[in-house]
Amino acid sequence: EVNTEYPVRAKFKGLFYCIRCAFAHGDYYLKKSTKKIYYIMQNSDNKKGNIRIKGRILIDEDSLVKIMDILQNPQKWKTK
């Protein structure tokens, strides 16, 4: 369920939750192209053999590294 009062915040929370779950549960794959590395990540439930995908992301490695840098160094990215 998305909080309609803060829809952008809810989308970012969902993005980070999906990334976290994909890495924590090993549910990610790498795809190398000639110029970039892409991460295919998903967050899913597997209850009684029924797999339900809750989120899926395709993100290039440069964008993922940039997100990590923003989270680790927020002052560096602050706009005036």
Side-chain angles (χ1 to χ4, degrees):
E1 182 176 321
V2 174
N3 182 340
T4 56
E5 189 174 348
Y6 302 104
V8 173
R9 186 180 298 172
K11 287 179 183 179
F12 275 106
K13 187 176 179 181
L15 171 70
F16 293 130
Y17 185 75
C18 188
I19 292 171
R20 177 251 172 236
C21 289
F23 282 129
H25 300 288
D27 208 357
Y28 67 94
Y29 309 92
L30 297 178
K31 175 70 176 162
K32 296 179 182 181
S33 72
T34 56
K35 296 182 181 181
K36 289 190 173 196
I37 298 173
Y38 293 92
Y39 286 75
I40 303 162
M41 304 177 181
Q42 72 179 29
N43 178 20
S44 59
D45 280 337
N46 186 355
K47 295 183 180 178
K48 299 179 182 177
N50 294 321
I51 297 173
R52 187 183 101 189
I53 297 173
K54 300 187 328 187
R56 186 175 282 159
I57 299 169
L58 171 65
I59 189 168
D60 66 84
E61 188 172 56
D62 294 336
S63 297
L64 192 58
V65 169
K66 188 179 276 188
I67 289 170
M68 291 169 41
D69 189 42
I70 290 169
L71 293 174
Q72 292 173 348
N73 304 296
Q75 294 299 330
K76 175 179 161 184
W77 293 91
K78 214 172 212 181
T79 59
K80 296 180 182 181

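None of these values were measured; they are calculated from a predicted model.
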* Could you tell me the separation between the CD1 atom of Ile51 and the CG atom of Asp45, rounded to the nearest 0.5 Å? => 10.0 Å
* Asked: If you draw a 6.0 Å radius around CZ in Phe23, do more than 12 non-hydrogen atoms from other residues or ligands fall strictly inside?
  -> yes
* Structure fact -> To the nearest 0.5 Å, atom SG of Cys21 lies from atom CD of Gln42 at 11.5 Å
* Asked: Same cluster for Met68 and Leu15 if Ile/Leu/Val/Met/Phe/Trp/Tyr side chains link at under 4.5 Å?
  -> no
* Check: Tyr39 and Leu30 side chains under 4.5 Å, non-hydrogen atoms -> yes
* Asked: Between atom CG of Leu71 and atom CG of Asp69, what is the distance when rounded to the nearest 0.5 Å?
  -> 9.0 Å
* Asked: Same cluster for Ile67 and Phe12 if Ile/Leu/Val/Met/Phe/Trp/Tyr side chains link at under 4.5 Å?
  -> yes
* **side chain to side chain contact (heavy atoms under 4.5 Å, CB included) between Met41 and Leu64, worked out** => CA-CA 12 Å; Met41 304 177 181; Leu64 192 58; 3.7 Å; yes
* So do the side chains of Lys66 and Asp62 get within less than 4.5 Å of each other, counting heavy atoms only? -> no
* **Heavy-atom pair of closest approach, residues Ser44 and Asp27** => OG-OD2, 3.2 Å
* Distance (rounded to the nearest 0.5 Å) between Asn43 CG and His25 NE2 -> 7.0 Å
* OH-CD1 distance between Tyr28 and Ile59, expressed to the nearest 0.5 angstrom -> 14.5 Å
* Greater than 12 external heavy atoms within 6.0 Å of Phe16's CZ -> yes
